[in-house]
A.B. asks: 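This structure is in structure tokens; I'll ask about it shortly.
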Amino acid sequence: MITYQEFKRNLDAVQKQVESACSLVGRKASEVTILPVTKNHPVEAIQYVQNSNYKSVGENRVQEAVLKKESFASAMDWELIGHLQSNKVKLAVANFDRIQSVDSLKIAKKIQEVAKSLGKEQRILLQVNTGKDPAKYGFMEEEVTDVFCEIYGCSHLRVEGLMNIAPLSDDKKVTINTFHKLADLQSQLEVLNKCKLPELSMGMSGDLVEAIAAGSTMIRVGTGLFGARLL
Ligand SMILES: *Cc1c(COP(=O)(O)O)cnc(C)c1O
């Protein structure tokens, strides 16, 4: 695990990257939230995040996050960013403030059912595979348009926006296109359903500049803050 000083230097560098990416396209740095991704790192990583006054962390596996949560005493917002299986929905709803990786109608309905039974309004994002990457989870664009109304109408789900992951590619055009498609989809869904979907979670360590140019409101940063993953 890197030291806190190293982490602070990395955080500083990422903040500067965000500022310059924003100023390139006339956005304010305050419009983009950095979500530190602590997956595959020990609980110290979460402590670092808290010490630097960040309020949320991203984790991609339910059980790993729950174990860390148990050994981390103070308050923190937990965001699930990895694929969620049906048999983990109960544990996820009980433990995550927001689930960014809602990638099917089936899983949305299951989350609704569990949230209802727990008397919780579950905040979610819909993950969309705008890069049409066979290696990625997520709704296809046409599909999300079809099921949006049904998900948005669920009593115990609060749909706050959209999320995606760009395909692994050396071609920056592919990355840029993937992000612009998500931003376009956001506007279309807002108009069609007369609703607000303010959160656009897109961009990671390697493509945050492109994501910010396309309108990202949340970048999820792992290696850029913590270095290579350890566990
Ligand atoms: C791991 C992960 C990230 C962080 O990726 P880095 O390249 O390490 O910044 C972001 N989003 C998701 C969904 C992830 O699984």
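Every number for a ligand or one of its atoms is a count from 1 in the order of the listing.
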A.B. asks: Does Phe139 have any ring-ring contact (aromatic ring centres under 6.0 Å, His included) partners at least two apart in sequence or in another chain, and if so, which?
C.D. replies: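 Counting only residues at least two positions away or on another chain, Phe139 forms no ring-ring contact (aromatic ring centres under 6.0 Å, His included).
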A.B. asks: Name all pairs fulfilling the ring-ring contact (aromatic ring centres under 6.0 Å, His included) condition that reach into residues 62-108, sequence neighbours left out, sorted by first residue then second.
C.D. replies: His83-Tyr137
A.B. asks: Give the atom numbers and elements of ligand 1 that come within less than 4.0 Å of a heavy atom of Val221.
C.D. replies: 9 (O)
A.B. asks: Relative to the heavy atoms of Arg220, which atoms of ligand 1 are at a distance of less than 4.0 Å?
C.D. replies: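 Close to Arg220: 4 (C), 9 (O), 10 (C), 11 (N), 12 (C), 13 (C).
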A.B. asks: Verify the distance criterion only: is there a donor paired with an acceptor across the side chains of Glu190 and Ser187 at less than 3.5 Å?
C.D. replies: no
A.B. asks: Looking only at non-hydrogen atoms, find the nearest pair between Ile107 and Leu84 and report the distance.
C.D. replies: CD1-O, 3.4 Å
A.B. asks: For ligand 1, which atoms, with element, lie under 4.0 Å from some heavy atom of Ile165?
C.D. replies: 13 (C)
A.B. asks: Any N/O of Gly222 closer than 3.5 Å to an N/O of ligand 1?
C.D. replies: yes
A.B. asks: Which atoms of ligand 1 sit under 4.0 Å from any heavy atom of Thr223?
C.D. replies: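 Numbered from 1, ligand 1 contributes 6 (P), 7 (O), 8 (O), 9 (O).
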A.B. asks: Mind checking whether Lys39 has an N or O less than 3.5 Å away from an N or O of ligand 1?
C.D. replies: yes
A.B. asks: For Arg123 and Glu160, work out which heavy atoms get closest and say how close.
C.D. replies: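 Result for this residue pair: NE-OE2, 2.9 Å.
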